[in-house]
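Structure record follows, encoded as structure tokens.
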Amino acid sequence: MAEKKYDVIVIGAGPGGMTAALYASRANLSVLMLDRGIYGGQMNNTAEVENYPGFKSILGPDLAKEMYASATQFSAEFAYGNVENVTVAADGTKIIKTDNGDFSTQALIIATGSQYKKLQVPGEKEYSGRGVSYCAVCDGAFFRNQKVVVVGGGDSAIEEGAYLTQLASEVNVIHRRDQLRAQKILQDRAFANDKMKFTWDTIVTEIIGDGKKVTKVKTHNKKTGEDSEIATHGVFIYVGLLPVSEPFQNLGITDKVGWIITDDKMATAVPGIFALGDVRKKELRQITTAVGDGGIAGQNAYNYLESLKD
């Protein structure tokens, strides 16, 4: 069966992917957004968004609907599909194999995002969005003057923990080792912050709530063997991020971890393949930065297709 052909295919329909589809379709290109879930990505798991320009506060799923309406206003299409692999033909055609059929394009935009490493403990999934968070910038404001815990000891955990001290009454960093892995300058700032305390050699074994929100965590000290409980309103987990880039490992566009490397035009090492948002190797992963990446990627996909006509 022949592949369905489009000028541009966007894999991933989060905020960045939808923005790329908007820009490309507005340039009168045929565009398909492919996603293994509903459009909106992680916005659908966010109760309220308070740091997206134009809205003082908006529910994540509502913002996803608004973006989808914009993304499809110039006839961009959306289809469900779990991408299994991508190959590049001799003529530069990109062939995308999915569990919902095969597709082909000259310009491919990867917007598959990243996923948080999980603790894999009881209560984590149940209380996600109800006290369990993976983003202090996104959710910190909901814990003003409350006690929270941060799980982790790397740069992200300490940076986000420091951010939370501007909002929370206390930030307890729970780390499985007896020293932090974060950069020395970040450690110095953290130790000098009166609102930050540290629980060493300890892992979280369970997240407990009252059925509506988090109330405490169970912990285990790896050195003493002692099991304890820590009362808290929020659990911010920073034990790492993983790029969703498995189908693209064969293309030679990722680093050793799997983050896709691009230039400032969102172009990868393969002509006609672009990447944006959280799957990129980048510093800040937010809705706003994904949208910015999306505009750049969508415009440069058009520029690439125009260059093929020369």
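Between Lys195 and Glu170, none of the side-chain N atoms (NZ, or NE/NH1/NH2) sits under 4.0 Å from a carboxylate O, so this pair counts as no salt bridge. Under the 4.0 Å criterion applied to side-chain N and carboxylate O atoms, Asp178 and Lys223 are assigned as salt-bridge partners. Asp227 and Lys218 are not joined by a salt bridge, as no carboxylate oxygen comes within less than 4.0 angstrom of a charged side-chain nitrogen. For Lys4 and Asp102, the salt-bridge test fails: no basic side-chain N is under 4.0 Å from an acidic carboxylate O.
Checked against the 6.0 Å centroid criterion, the rings of Tyr116 and Tyr238 do not qualify as a close aromatic pair.
The backbone N or O of Asn82 sits less than 3.5 Å from a side-chain atom of Asp99, completing a donor-acceptor pair.
Atom NZ of Lys97 has 12 or fewer heavy atoms from other residues, nucleotides or ligands within 6.0 Å. For CD of Gln179, the number of neighbouring non-hydrogen atoms (other residues, nucleotides, ligands) closer than 6.0 Å is 12 at most. Within 6.0 Å of NZ on Lys65 lie no more than 12 heavy atoms contributed by other residues, nucleotides or ligands. Other residues, nucleotides and ligands contribute more than 12 heavy atoms inside 6.0 Å of the CG atom of Asp255. By the neighbour-count criterion of 12 heavy atoms within 6.0 Å, atom CG of Leu284 is densely surrounded, having more than that number from other residues, nucleotides or ligands.
Both Ile273 and Ile11 are members of a single hydrophobic cluster when ILVMFWY side chains are connected at heavy-atom separations under 4.5 Å. Transitive grouping of hydrophobic side chains (ILVMFWY, heavy atoms separated by less than 4.5 Å) keeps Trp259 and Phe248 in distinct clusters.
Taken to the nearest 0.5 Å, the CD atom of Gln286 stands 5.0 Å off from the SG atom of Cys135.
Think of Ile203 as one node in a network of Ile, Leu, Val, Met, Phe, Trp and Tyr side chains linked at under 4.5 Å; it has no links at all.
Within the 4.5 Å cutoff, the side chain of Asn172 has no heavy atoms near those of the Val148 side chain. With a 4.5 Å cut-off on side-chain heavy atoms, Ile109 and Met266 do not count as touching.
Residue Asn44 comes nearest to Pro61 through the heavy atom pair OD1-CA, 3.7 Å, listed as atom of the first residue, atom of the second, then distance.
When the ring pair (Phe, Tyr, Trp, His ring centres under 6.0 Å) test is applied to Phe198, the partners found at least two apart in sequence or on another chain are Phe191, Trp200.
The cationic group of Lys265 does not satisfy the cation-pi geometry with Tyr304, failing either the under 6.0 Å distance to the six-membered ring centre or the 45° limit from the ring axis.
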